[in-house]
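First listed ligand is number 1; within each ligand, the first listed atom is number 1. Just so you know, residue 1 is the first one in the sequence shown, and it goes up from there.
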Amino acid sequence: MNILILGAGGREHTLAWKLHQSPKLTKLLVAPGNAGTAEIAKNIPIGVNDFDGIKRVVLEEAVEMVVVGPEDPLVNGVHDFFLNDIELKHIPVIGPEKAAAELEGSKEFAKKFMMRHNIPTAAYQSFTTENLEEGYTFLDSLKPPYVLKADGLAAGKGVLILDNLEEAKEELRTMLVDAKFGNASATVVIEEFLAGIELSVFVLTDGKGYKVLPTAKDYKRIGEGDAGLNTGGMGAISPVPFADQDFMDKIHQRVVIPTVEGLKKDDLPYKGFIFIGLIKVDNDPFVIEYNVRLGDPETEVVIPRIKNDLVDVFQAVANQTLDSIDLQLDERTATAVMLVSGGYPEAYEKGKEITGYDSLDDSLAFHAGTTLKDGKVVTNGGRVMAITSFGNDFKEALKKSYKNIDKLHFDRMNYRKDIGFDL
Ligand code: AMP
Ligand code: GLY
C-alpha cells in the first residue's frame with residue numbers, strides 16, 4: 001500500500017516510523033516532512049493546506065491512503081475535499097470530516113456537543129461583541145481564576161487564565177473588540193476554572209466502533225516546575241500512572257462512550273483519532289478540550305506502545321471494521337523529552353547542525369523541526385527532536401532518554417530536566 005502522511009513534526013515522524021515497519025507498506029510519502037521522515041520516506045515539498053498540490057501528488061504517486069497529522073487541514077476540510085472529488089473519493093483519509101473537526105475548530109461547538117451529550121465539562125457561557133456587557137456580568141459572577149478561550153484555532157495560544165477580575169474584563173474586550181486572536185476570538189468562551197491534574201486519552205474511531213489507545217500526559221510549559229510560557233509540548237509520559245482502572249472506567253463510561261455515540265447521533269462523520277484533554281478533579285474526569293488529531297509529543301509515547309501493524313489498524317478504520325482489531329499494547333512506560341532551540345517559545349535561530357542523534361543507545365529520536373542542508377541535519381524549528389525511551393516505570397524510561405541526550409548536541413539546545421516531576 002502507498003501511504004501519504006500530511007505534516008512535518010515529531011508526530012508525523014513517529015507515524016512514519018511505525019507505518020514503515022509494516023510489511024504491507026510499499027511506498028511512504030510525507031508532505032512536507034522533515035529530516036527524520038526523509039530517512040524512511042519520500043518527502044514532498046508541499047504544504048498541508050495545499051489541497052490541489054496534495055491531489056497532484058496522490059495521483060502521480062498512486063497514493064492509496066492519506067493520514068492527516070495536524071488539525072489545520074482537517075478543520076479546512078481536506079477529508080471532504082477527497083470525498084467531493086471524483087478522482088479521489090475512493091482514497092481513504094484518516095482524520096474526521098470538516099463538520100466533525102469543528103470539535104477542535106470551535107470551542108463553543110465542542111462545549112455545546114458536551115452539554116448535549118451529558119459529557120462532564122466546566123460550566124461556561126460564550127460571548128461576542130454583541131453581548132460584551134453580559135460577558136462582564138458573567139465574569140463578576142465567577143470566582144478567580146478566570147478562564148477565557150478564543151473560540152477558533154489560535155495555534156495553542158488562545159486560552160488565557162487570569163487571576164484578576166479587571167484584567168479578565170480587559171482581556172475579554174481585547175479578544176472581542178481588538179480581535180487579539182483575529183477571527184478566532186470573534187467569539188470567546190468563558191468557563192469555570194477546574195483545579196486538578198491533567199491527562200489525555202486518545203481514542204481511534206471508524207465512525208462505528210472505537211479503540212481506547214494509551215493515556216498520556218504532556219508538559220506544556222517551557223520552564224521546570226511548569227513555569228514560564230506555554231509551548232507545543234516539552235515532554236510526555238505514557239501511561240499516566242494515576243489513571244488507574246477505576247478512573248479509566250469512569251473516563252470510558254462518562255466520556256469516551258458518550259463522545260463516540262454523540263458523533264453518531266449528531267451525524268458527524270469521524271474516521272480518525274480523538275484526543276480528549278481531561279482534568280481529574282477529586283476523583284472525577286472533566287473534559288477540557290477535544291482535538292481531532294493526535295497530540296505532539298504525546299504521539300511519540302502513544303504510538304510506540306501500540307504493537308499492532310498500523311497499516312492494518314488504519315485499513316480497519318477506513319473499512320469500518322475496527323471492532324475486529326485486537327489492540328495489543330506494550331505494558332512498559334514510554335517517555336519523550338523534547339529538545340528545543342534556545343529562545344523558544346519566543347524568538348530562536350534555525351540552521352544549527354545537530355550531532356549525535358544517530359548513535360543513541362536504546363532510545364528513539366523522532367525529528368520535529370529538522371531539515372537537511374548541504375547533507376547535514378540542522379534545526380528548522382522551535383521544537384527540534386523528541387527522545388523516546390521505554391522502561392518499567394517512567395523514571396527508568398526517563399533515565400535512558402536523559403543519558404542519550406548527553407550525546408546529542410546543537411548550539412543553544414534546551415530541554416526540561418524534570419519531565420514527570422509532578423507524578
Ligand atoms: P485548551 O486549549 O482548552 O486545552 O486549554 C489550554 C490549557 O488551559 C489546558 O491544558 C489547561 O491547562 C488550561 N485550562 C483550560 N480550561 C481550563 C479550565 N476550565 N480550568 C482550568 N484550566 C483550564
Ligand atoms: N501536546 C499538545 C498538543 O498536541 O496539542
With heavy atoms of [X] as the reference, note each atom of ligand 1 found under 4.0 Å away.
X	answer
Lys149	3 (O), 15 (C), 16 (N)
Ile288	3 (O), 4 (O), 15 (C), 16 (N)
Phe193	20 (N), 21 (C), 22 (N)
Lys220	10 (O)

Within less than 4.0 angstrom of ligand 2, does [X] place any heavy atom?
X	value
Ala236	no
Gly295	yes
Arg293	yes

Between [X] and [Y], what is the ring plane arrangement, given parallel below 30°, perpendicular above 60°, and tilted in between?
X	Y	result
Phe242	Phe247	tilted
Tyr290	Phe113	perpendicular
Phe127	Phe138	tilted

Show which atoms of ligand 2 fall inside a sub-4.0 Å distance from at least one heavy-atom site of [X].
X	value
Glu298	1 (N), 2 (C), 4 (O)
Asp218	1 (N), 2 (C)
Gly232	1 (N), 2 (C)

Ile161, any N or O under 3.5 Å of ligand 1 N or O:
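Looking only at distances, the answer is no, because the N/O contact criterion of under 3.5 Å is not met.
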Could you tell me whether some N/O pair between Lys220 and ligand 2 is separated by less than 3.5 angstrom?
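No.
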Taking only Lys NZ, Arg NE, NH1 and NH2, and the carboxylate oxygens of Asp or Glu, determine whether Lys400 and Asp362 approach each other closer than 4.0 Å.
yes
Electrostatic pair Arg173:Glu170 at N-O distance under 4.0 angstrom:
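Yes, charged N to carboxylate O under 4.0 Å.
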Under-4.0 Å heavy-atom contact with ligand 1, by part of Glu198 that carries it:
side chain
Location of contacts on Val159 toward ligand 1, heavy atoms closer than 4.0 Å:
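The side chain, only.
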Taking atom types as modelled, is there a side-chain donor on [X] or [Y] under 3.5 Å from an acceptor on the other?
X	Y	value
Tyr219	Asp422	yes
Asp393	Thr333	no
Thr187	Glu108	no

Got the closest protein heavy atom to [atom], with its distance?
atom	result
atom 20 (N) of ligand 1	Leu194 N, 2.8 Å
atom 4 (O) of ligand 2	Asp296 N, 2.9 Å
atom 2 (O) of ligand 1	Lys107 NZ, 3.2 Å
atom 17 (C) of ligand 1	Glu191 OE2, 3.8 Å

Would one find more than 12 heavy atoms of other residues, nucleotides or ligands at under 6.0 Å from atom [atom1] of [X]?
X	atom1	result
Lys157	NZ	no
Arg412	CZ	no
Lys264	NZ	yes

